Protein chains: 2
Amino acid sequence: MARPSTPKLSTRAIADAALGLVDAHGEFTLPQLARKLSVSASSLYNHVQGKGEIIELMRGRAMAEIELPDLGNVSWQEAVRAIATEYWASYSKHPRLIPLLTSHTVRDSTTLRVYDALAEALAMAGIEPAQRLQAITIIDSFVLGSALDAAAPKIVWEAAPESSNYFKEALEAGLSDSSRPQTTFELGLSMLLGALGHQAAAGSDGG
Amino acid sequence: MARPSTPKLSTRAIADAALGLVDAHGEFTLPQLARKLSVSASSLYNHVQGKGEIIELMRGRAMAEIELPDLGNVSWQEAVRAIATEYWASYSKHPRLIPLLTSHTVRDSTTLRVYDALAEALAMAGIEPAQRLQAITIIDSFVLGSALDAAAPKIVWEAAPESSNYFKEALEAGLSDSSRPQTTFELGLSMLLGALGHQAAAGSDGG
DNA sequence: ACCTGAACACCGTTCAAGT
DNA sequence: ACCTGAACACCGTTCAAGT
């Protein structure tokens with residue numbers, strides 16, 4: 001019963017099973033993963049270099065869900081908005097995956113195509129290369145931070161007995177809404193888009 | 001040689017030693033930490049509940065470096081800018097700590113006072129409680145994401161052989177500058193502050 | 001090529017024993 | 001109260017052995 005005629009494992013199956021564990025428990029170990037796949041832990045090494053590669057496979061699975069807009073049909077602002085929102089949503093579907101991703105360098109092509117699309121939309125807006133990199137970085141930071149913020153069993157929204165009234169009344173006013181993460185993300189994104197619009201307009205005036 | 005007359009350990013010493021390991025290696029183990037403190041691993045448990053508490057102690061050490069502005073002397077926008085910049089800077093001093101923090105709930109009072117100060121500055125601007133919580137969340141997300149972005153041996157700035165020209169020329173235009181993370185953060189923060197200013201003005205008009 | 005089981009060095013945590 | 005060393009269950013990874 002050493003080598004089966006049809007393989008029991010594949011990188012796809014490994015990634016999906018691992019993602020299931022992370023969604024459920026916030027972490028995963030190779031013995032857990034192997035058990036879930038009805039296989040021994042050492043078998044995983046026939047398909048994968050180690051635990052790190054499994055994390056990169058999960059990133060790919062999450063990013064694969066992103067559908068990019070057709071850049072020919074919409075304004076650049078709508079394009080950037082759509083890309084950023086898809087990006088945020090795919091992170092938010094697997095919030096507990098994010099902490100695992102942040103300590104790893106990315107080289108995943110599925111992720112890079114999102115940056116490509118962003119760059120193209122910003123170029124459409126007439127934003128010059130140097131400002132374009134800054135804009136991408138700012139949007140990326142906000143998306144990642146927002147997804148993290150939505151992910152973490154958050155601070156602030158639970159315990160602040162000795163806090164100022166300014167903070168407490170803000171908490172009380174904002175708590176109950178379950179769609180808060182989404183609407184807050186969209187508001188912040190609109191702020192950035194508005195500012196990028198001004199910058200693009202000023203650039204085409206002056207330069 | 002069991003109990004020394006003067007204790008060899010303290011939570012402060014443990015946190016500082018752990019922070020040194022994380023800064024240097026991006027992670028830490030209890031045996032490593034114990035060795036650095038010339039102590040056995042089990043001794044740590046006389047001062048600390050476990051590894052998780054050590055992470056929280058490190059968060060406190062990082063946040064303790066934040067100096068909050070005197071809110072009486074500056075405009076609310078300058079106050080928010082100063083708070084957010086200090087916050088970002090203290091994360092950025094220990095970039096490799098961030099991934100460890102993101103999977104933990106916060107209850108650290110040193111961190112909460114930063115939110116208090118932010119809330120007060122936004123209240124000064126006349127921003128109502130519900131919008132105040134959104135504004136705090138947006139700023140927090142951007143600060144955290146920007147620090148992470150500056151931390152990670154980043155994607156994008158290395159490998160994109162098959163990328164679009166729009167993206168490549170942005171990369172080429174932006175790479176060489178070593179102060180890029182700081183200036184990009186400040187630009188994004190200004191974008192958000194401008195939008196918050198509009199919102200505050202509109203609120204005081206209408207309401 | 002692909003799975004197994006034994007083995008290795010390591011980890012976080014507990015606990016009786018010492019002063 | 002505070003440190004030690006032995007012990008436990010667990011982890012990631014390697015590798016010879018099987019088909």
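Being a predicted model, the structure only gives us computed values, none of them experimental. Every chain is numbered from 1 and lettered A, B, ... according to where its sequence line falls, protein lines coming before strand lines.
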Just the rounded figure in Å: distance from [atom2] of [N] to [atom1] of [X].
X	N	atom1	atom2	value
A:Leu30	C:dC10	CG	P	18 Å
B:Leu44	D:dG5	CG	P	14 Å
A:Tyr45	C:dA6	OH	P	18 Å
A:Lys8	C:dA1	NZ	P	19 Å
A:Leu37	C:dT4	CG	C1'	15 Å
A:Gln32	D:dA9	CD	P	18 Å
B:Glu27	C:dC10	CD	P	14 Å
A:Lys51	D:dT13	NZ	P	8 Å

So what stems show up for DNA chain C if we need 3 or more Watson-Crick or G-U pairs in a row, all under 3.5 Å?
->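 Stem list for DNA chain C: C:4-8 with D:12-16, C:12-16 with D:4-8.
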Does B:Glu86 reach the main-chain N or O of B:Glu67 with its side chain, forming a donor-acceptor pair under 3.5 Å?
->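 Here the side-chain-to-backbone pair exists.
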Is there a donor-acceptor pair under 3.5 Å between the side chain of B:Thr183 and the backbone N or O of B:Arg180?
-> yes
Pair B:Tyr115, A:Tyr166: side-chain N/O donor-acceptor within cut-off below 3.5 Å |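 Per modelled atom types, B:Tyr115 and A:Tyr166 side chains form no pair under 3.5 Å.
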Donor-acceptor pairs under 3.5 Å, side chain of residues 13-29 of chain A to any protein atom, not counting sequence neighbours: which ones?
unit_1, atom_1, unit_2, atom_2, d
A:Asp16, OD1, A:Arg61, NE, 2.7
A:Asp16, OD1, A:Arg61, NH2, 3.2
A:Asp16, OD2, A:Arg12, NE, 3.3
A:Asp23, OD1, A:His94, ND1, 3.1
A:Asp23, OD2, A:His94, ND1, 3.0
A:Thr29, OG1, A:Gln32, N, 3.2

Looking for any heavy atom pair under 4.0 Å, which part of the strands does A:Thr29 touch: base, sugar-phosphate only, or nothing?
->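 The answer is sugar-phosphate, as A:Thr29 gets under 4.0 Å only of primed atoms, P, OP1 or OP2.
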A:His47 side chain near C:dC3 phosphate (N/O to OP1/OP2, under 4.0 Å) |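 For C:dC3, OP1 or OP2 has a side-chain N or O of A:His47 closer than 4.0 Å.
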Phosphate-side-chain proximity, A:Ser43 and C:dC3, N/O vs OP1/OP2 below 4.0 Å = no
Options D:dG5, C:dT4, C:dC3, nucleotide nearest the side-chain atoms of A:Ser40 = C:dT4
Given D:dG12, D:dG5, C:dG5, which nucleotide is nearest the side-chain atoms of B:Ser42?
->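 For B:Ser42, the side-chain atoms sit closest to D:dG5.
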Report yes if some heavy atom in the side chain of A:Phe142 is under 4.5 Å from a heavy atom in the side chain of A:Phe185; otherwise report no.
->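 They are in contact (side-chain heavy atoms under 4.5 Å apart), so the answer is yes.
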Is there a side-chain contact between B:Leu37 and B:Lys8, using heavy atoms and a 4.5 Å cut-off?
-> no
If you look at every heavy atom in A:Arg132 and B:Ala170, which pair is closest and at what distance?
-> CB-CB, 4.0 Å
